[in-house]
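Not measured: the values here are computed from a predicted model.
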Amino acid sequence: MLCGILFRVYEFKAWFALSNYEIDAQSQELEQRLWEIFPQRDVDFWPYLLKDSEALRDFLERDMPVSVNTQMLKLGKFKTEIKWLEPWVKVHWREKFWYISRDGKMWALDDEINRNFHGNDPKIIWRIPKDLPNPDFRLDYTGAGVSSDDTMPLFGVFKTPLPTNMMENFLNYFRDYSWFEFVSEVTWERRAGSDLFVLNLERNSQKFKVFIQRDKYSEQDLGLLIEDVFEELAREGGNHIIDATYEGKIVIKAL
């Protein structure tokens with residue numbers, strides 16, 4: 001009788017054992033990291049994986065700059081995809097360099113999690129004030145190593161507190177102009193209640209520093225105005241400051 005019961009228990013557990021688990025990872029490191037935290041109970045009883053897959057995703061996406069997706073293909077058969085996040089912008093903030101992805105995830109370049117990360121390095125560096133001057137600014141996210149105190153160290157991957165809408169609007173406005181491809185660095189700050197952007201670029205061996213406040217040119221195509229200035233300065237030669245922070249005019253100075 002006892003043997004029969006034990007056999008039925010074994011047969012029941014064997015039927016619910018994980019029969020197939022496919023991992024599609026972009027690097028061996030990612031697959032290895034998943035196996036390091038994969039619960040043994042999910043191997044013995046696959047229904048646990050229906051719940052544990054969410055915890056695995058949340059842990060990995062806080063631990064590394066990745067996106068994780070697990071699907072059940074059929075009873076007892078699962079597939080997990082792990083992909084590196086693609087950097088959208090590169091910023092310098094709090095005396096460190098960071099990547100930000102399109103979906104607003106942020107991680108430091110010098111963290112251990114980036115040891116084998118091979119994303120496309122964004123060409124432009126955004127420099128953001130360490131202490132943002134906006135009094136309404138707050139760190140608003142959850143996760144390991146995260147605090148509402150902006151003096152606390154940040155680690156892992158977390159929702160960025162930086163103004164990505166501002167960056168996206170700026171890029172959308174200027175990136176299609178021919179001169180913008182030569183920009184290597186953008187510094188953003190707030191001055192007199194308005195956004196001020198300072199651009200560094202080198203074009204045809206000429207060096208430029210461009211100061212931009214778009215709200216001073218609400219009725220004009222500022223990108224086209226700057227393009228005309230570049231064409232004129234290309235004929236003159238030399239290095240210049242292009243100051244577009246005045247109402248309706250651009251001031252040129254020697255750099």
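V210 and L255 end up in different hydrophobic clusters when Ile, Leu, Val, Met, Phe, Trp and Tyr side chains are linked at under 4.5 Å. A continuous path of Ile, Leu, Val, Met, Phe, Trp and Tyr side chains, each step under 4.5 Å between heavy atoms, connects I252 with I226, placing both in one hydrophobic cluster. Residues L56 and F78 share a single hydrophobic cluster, defined by chaining ILVMFWY side chains whose heavy atoms lie under 4.5 Å apart. Side-chain heavy atoms closer than 4.5 Å link hydrophobic residues (I, L, V, M, F, W, Y) into clusters, and following such links, even through other members, never connects V198 to I125. Linking ILVMFWY side-chain heavy atoms closer than 4.5 Å, directly or via other members, places I37 and V43 in a single hydrophobic cluster.
Between S19 and L75 the shortest heavy-atom distance is OG-O, 4.2 Å. Closest non-hydrogen pair, Y217 versus I250, comes out as OH-CG1, 3.9 Å. Here the closest heavy-atom approach between residue Y99 and residue P87 is recorded as CD2-CB, 3.6 Å. Shown here for A25 and L30, the closest heavy-atom pair between the two residues is CB-CB, 4.0 Å. Scanning all heavy atoms of the two residues, the minimum distance from G76 to L18 falls at O-CD1, 3.6 Å. V66 approaches L60 most closely through the heavy-atom pair CG2-O, 3.7 Å.
With rounding to the nearest 0.5 Å, the separation of CD in E227 from CD in E232 is 13.0 Å. Taking CD1 of I82 as the reference point, atom CZ of R57 lies at 13.0 Å (rounded to 0.5 Å). From N239, atom CG reaches atom NZ of K253 across 16.0 Å, with rounding to the nearest 0.5 Å. The distance from atom OG1 of T187 to atom CG of L196, rounded to the nearest 0.5 Å, is 9.0 Å. For the atom pair CD of E168 and CD1 of I100, the computed distance is 11.5 Å after rounding to the nearest 0.5 Å. Rounded to the nearest 0.5 Å, atoms NZ (K216) and OG1 (T245) are 5.5 Å apart.
A 4.5 Å side-chain heavy-atom check between W93 and L162 finds at least one atom pair inside the cut-off. Using a 4.5 Å heavy-atom cutoff, the side chains of Q71 and S53 are not in contact. Inter-residue side-chain proximity for L222 and Y173 is flagged as met; some heavy-atom pair is nearer than 4.5 Å. The closest side-chain heavy-atom distance from D24 to K79 is below 4.5 Å. Side-chain contact check for W88 versus P122: every heavy-atom pair is 4.5 Å or farther apart. Taking the side chain as every heavy atom from C-beta outward, I242 and L199 never approach each other to under 4.5 Å. The shortest side-chain heavy-atom distance between R214 and F174 falls under the 4.5 Å cut-off. With contacts defined as side-chain heavy-atom distances shorter than 4.5 Å, the pair W126/M167 qualifies.
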Show the numbers, then the answer: is there a side chain to side chain donor-acceptor pair (under 3.5 Å) between E61 and S67?
CA-CA 6 Å; E61 290 186 354; S67 63; 5.4 Å; no
Mind running side chain to side chain donor-acceptor pair (under 3.5 Å) on S184 and N200 for me, showing each step along the way?
CA-CA 6 Å; S184 61; N200 289 333; 5.7 Å; no
Test log, rule side-chain contact (heavy atoms from CB on, under 4.5 Å), inputs K90 and F97
CA-CA 7 Å; K90 182 179 181 180; F97 286 98; 4.0 Å; yes
Using the rule given for side chain to side chain donor-acceptor pair (under 3.5 Å), can you reason through Y21 versus D42, listing the C-alpha separation, both sets of side-chain angles and the distance that settles it, and then say yes or no?
CA-CA 10 Å; Y21 187 43; D42 294 351; over 6 Å; no
Is there a salt bridge (Lys or Arg N to Asp or Glu O under 4.0 Å) between K105 and E86 once you walk through the steps?
CA-CA 10 Å; K105 300 290 184 63; E86 183 70 23; over 6 Å; no
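Taking the centre and axis of the six-membered ring of F230, the NZ or CZ atom of R203 falls inside the cone set by 45° and 6.0 Å. Geometric assessment of K96 against the ring of W98 yields a positive cation-pi assignment under the 6.0 Å and 45° thresholds.
When each of E189, M166, Q213 is paired with D195, the side-chain contact (heavy atoms from CB on, under 4.5 Å) condition holds for M166 and for no other.
Using a 4.0 Å cut-off between charged side-chain N and carboxylate O, R33 and D63 make a salt bridge. Remark: R127 engages E185 in a salt bridge, criterion side-chain N to carboxylate O under 4.0 Å. Using a 4.0 Å cut-off between a side-chain N of Lys or Arg and a carboxylate O of Asp or Glu, K51 and E54 do not qualify as a salt bridge. Using a 4.0 Å cut-off between charged side-chain N and carboxylate O, K209 and D243 make no salt bridge. The residues E81 and K83 are annotated as not salt-bridged, no charged nitrogen and carboxylate oxygen being separated by less than 4.0 angstrom. Here K74 does not pair with E22 in a salt bridge; the nearest charged N to carboxylate O distance is not below 4.0 Å.
Counting non-hydrogen atoms of neighbouring residues, nucleotides and ligands closer than 6.0 angstrom, the CD atom of E236 exceeds 12 such neighbours. Residue F38 places its CZ atom among more than 12 non-hydrogen atoms of other residues, nucleotides or ligands, all under 6.0 Å distant. The environment of NZ in K249 is sparse: at most 12 heavy-atom neighbours from other residues, nucleotides or ligands sit within 6.0 Å.
In summary, the side chains of T70 and T80 do present a donor paired with an acceptor at a separation below 3.5 Å, with no hydrogens or angles considered.
Without hydrogens or angle criteria, N20 side chain to K77 main chain gives no donor-acceptor distance under 3.5 Å.
Between F170 and F197, the gap from one ring centroid to the other is short of 6.0 Å. Between Y177 and F180, the distance from one ring center to the other does not fall under 6.0 angstrom.
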